[in-house]
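For reference, the structure discussed in these notes is given below.
So that the names make sense, note that chain A is the first sequence line, chain B the second, and so on, each numbered from 1. On a predicted model such as this, the values are computed, not experimentally measured, just so you know. Excluded from the calculations below are hydrogen atoms, water molecules and symmetry mates; all remaining heavy atoms, backbone and side chain alike, are included.
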There are 2 protein chains.
Amino acid sequence: MSETVSIKEVAARAGVSPGTVSNVLNRPEKVAGATRSRVEQVIRELGFVRHGSASTLRAGHSRTIGLSVIDIGNPFFTDVAAGVEDLASDRGYAVILGNSAGSRSKEERNLLVFAEQRVRGVLITPSDDDPHRLERLRARGIAVVLVDHPADRADQCAVSVNDVTGGTMAAAHLLEGGAERLAYVAGPATMRQCRERRIGAERALAAAGLDPGRLRVLEMTAMTAKAGQQAAELLLADLPDAVFCANDLLALGLLRGLLQAGVRVPEQVSLIGYDDIDFASASTVSLSSVRQPTYQLGRVATELLLDECDNPDTHAHQQIMFQPELVVRESSR
Amino acid sequence: MSETVSIKEVAARAGVSPGTVSNVLNRPEKVAGATRSRVEQVIRELGFVRHGSASTLRAGHSRTIGLSVIDIGNPFFTDVAAGVEDLASDRGYAVILGNSAGSRSKEERNLLVFAEQRVRGVLITPSDDDPHRLERLRARGIAVVLVDHPADRADQCAVSVNDVTGGTMAAAHLLEGGAERLAYVAGPATMRQCRERRIGAERALAAAGLDPGRLRVLEMTAMTAKAGQQAAELLLADLPDAVFCANDLLALGLLRGLLQAGVRVPEQVSLIGYDDIDFASASTVSLSSVRQPTYQLGRVATELLLDECDNPDTHAHQQIMFQPELVVRESSR
DNA sequence: AGATTCCATTAAAACGTTTTGGTAGATTCC
DNA sequence: GGAATCTACCAAAACGTTTTAATGGAATCT
């Protein structure tokens, strides 16, 4: 049943050699017009589809890239993935998606799969700062571009957003609104993003002449709406004036928890999240947030990766750092 | 630099033949304990990683499956994808993700990529009802399981949720709440889901002794929060008692639009969405919805697909249809 | 016209696995 | 002790491409 038609059959039917068919496929300019159109005709007739594995095996590289993200359930990452997918697909690359779900072992397993598939390159938002795994990939000749994480070395592309600045923006905004008692609700400190946003916030306190030690920090185990709601319970006993959440999922959960407990937002507590996911503006008390150029993040990272793959000689490694943008909405007005 | 170590080098170093190494990898029980552990040792030492393409080429099938979804930005689909990914990854399969974004040509391109990669099987939520493309895949010997779409033929696996029932549940619930003037806000009618949920709603009207023609239908071009907000503007001129949205994204947008215009939900207008995405319960006026077993949908579909791939002889095609579940929250109380 | 260059094509050798058929050597059976 | 049966391994042939070096013929040059 599974009639797979190979390049040979196309060649036979078109009266040329397999090599010529391959040329039609890969360097059409090398083959005479008449021959080319004849071959193309036969390809259509027979419904020939190139065997990617054979091609990869012989050519030594594939037309796939691996994308490893921390939480596919977070709209932030789906936006990144959309950026990756759009560009990759335009350039004829397939994307293999791996969700590390914050687990180091899952991440490692995904990278192994990528290595087995001999992906052309890997885009990864690492779940921690250990560069070891990535070294291993590079040692195999697989290009790696870090996404939402600064480079750990110069011969390495990375696309990130300045999280310290973002943290400063968020906290400064809350302080300007008159807040004196500030809380920071974050995920695990193993995540660089959480640490840096905190540093930024502390910097804002210092700039306002306040003791950075006054920042009340809640470190939740996850960065989900559920965790945000738990954070609300923790805060209810002693409400701060304002809360900065390390991402919008936390903030939305927190918001709900506070409102359910009868706390008025922003009158009693003002609130700001991070990422500016779509749902931030759609929530009823619309959520202030720190916008990151999410889709661009994915797109630019892919651009760099494909450049590194396709033009290894001229490729110059780049560390791109975008600036975040403050978006003020009802929750902090 | 890119030192790729092959099965041959492992064999040489372990003092066995390549075939034996292959056996250690694929049927360890066939090889004597001592030899096996020696080979495994060498594999670790050399950091050998099997070349997936070579394996695929020779074995005639890969360890990857393709997943084509309609909108990766919709949490419904990321939940499905999570279910797919978890199980696939457990079974040693990699998932290639394709986002059709509702576009038929993008979907087609994704399927071509899947065919080139010689994926073992394809999971797809088709963007319309045309079975033609899927026939082509099957003709190539690629197993296909439909996700969130009933089967179009008996020799075909499919996992779906009863959308007619779901539509009935939603509308009946609104009618029970005392609503008389009912609106249905949906996406394009080319989408089967939108059509069936509408049929269900009309059935509920009929069951309540009302004319189904009284259902006021708004057909938006997208199923996003933004489209929902536009729908709110359209409804404001002549408010219905209750609105049923074809998915939660629409409902959340609509909710926000209504509240911003000063309409009280559920007092003036009660509202129900569909899918019960996480954000439905996290929104301030928590959203009633029709829950689908989303993660299960992905998981079961993958189960069926892998069974069809791994046990083609004993595999029995199944059409599984889950029942949806009504979740009542504030927006319709 | 003969020598040279160029162009379009081909034949054949890879790429790294899996798999088939076979063979030695050990074990069991009569 | 010889025949039969296992067991554990190996050699070699695929799988479907891409790529390199070679080839024959047309076009250009002297």
**OP:** Taking atom types as modelled, find out whether B:Gln117 and A:Arg63 have a side-chain donor-acceptor pair closer than 3.5 angstrom.
**Re:** no
Original post:
Roughly, in whole Å, what's the span from NZ in B:Lys8 to P in C:dT18?
Top reply: 13 Å
Subject >> Verdict with reasoning, A:Lys106 to B:Asp86, per salt bridge (charged side-chain N to carboxylate O under 4.0 Å, His left out) >> reply: CA-CA 10 Å; A:Lys106 271 210 74 180; B:Asp86 282 356; 3.6 Å; yes
**OP:** Spell out, as yes or no, whether a donor-acceptor pair under 3.5 Å connects the side chain of B:Arg299 to the backbone of B:Val80.
**Re:** no
Subject >> Positive for side-chain contact (heavy atoms from CB on, under 4.5 Å) with B:Val122, one of B:Leu305, B:Leu111, B:Ile65 >> reply: B:Leu111
Subject >> Length of the line joining B:Gln117:CD and D:dG16:C1', which is rounded to integer Å >> reply: 14 Å
Original post:
Can B:Ser62 and B:Tyr93 be said to form a side-chain contact (heavy atoms from CB on, under 4.5 Å), step by step?
Top reply: CA-CA 9 Å; B:Ser62 72; B:Tyr93 279 81; over 6 Å; no
**OP:** Just name whichever nucleotide pairs with D:dT20, Watson-Crick or G-U, keeping both distances under 3.5 Å, else none.
**Re:** C:dA11
**OP:** Identify the nucleotide, in any strand shown, that forms a Watson-Crick or G-U wobble pair with C:dC30, with both distances under 3.5 Å; if there is none, say none.
**Re:** D:dG1
**OP:** Hey, could you give me the NE2/OG1 distance between A:His51 and B:Thr56, rounded to the nearest 0.5 Å?
**Re:** 7.0 Å
**OP:** Look at the side chain of A:Glu9 and the backbone N and O of A:Ser6, then say whether any donor-acceptor pair between them is shorter than 3.5 Å.
**Re:** yes
**OP:** Just grab all the salt bridge (Lys or Arg N to Asp or Glu O under 4.0 Å) pairs involving residues 116-133 of chain B, residues at least two apart or on different chains.
**Re:** A:Arg50-B:Glu116, B:Arg104-B:Asp128, B:Arg104-B:Asp130, B:Glu107-B:Arg133, B:Arg120-B:Asp310, B:Asp128-B:Arg133, B:Asp129-B:Arg195
Subject >> DNA chain C contacts among residues 34-66 of chain A, heavy-atom distance under 4.0 Å >> reply: A:Thr35, A:Leu57, A:Arg58
Original post:
Which residues within residues 13-31 of chain B lie with some heavy atom under 4.0 Å of an atom in DNA chain C?
Top reply: B:Gly19, B:Ser22, B:Asn26, B:Arg27
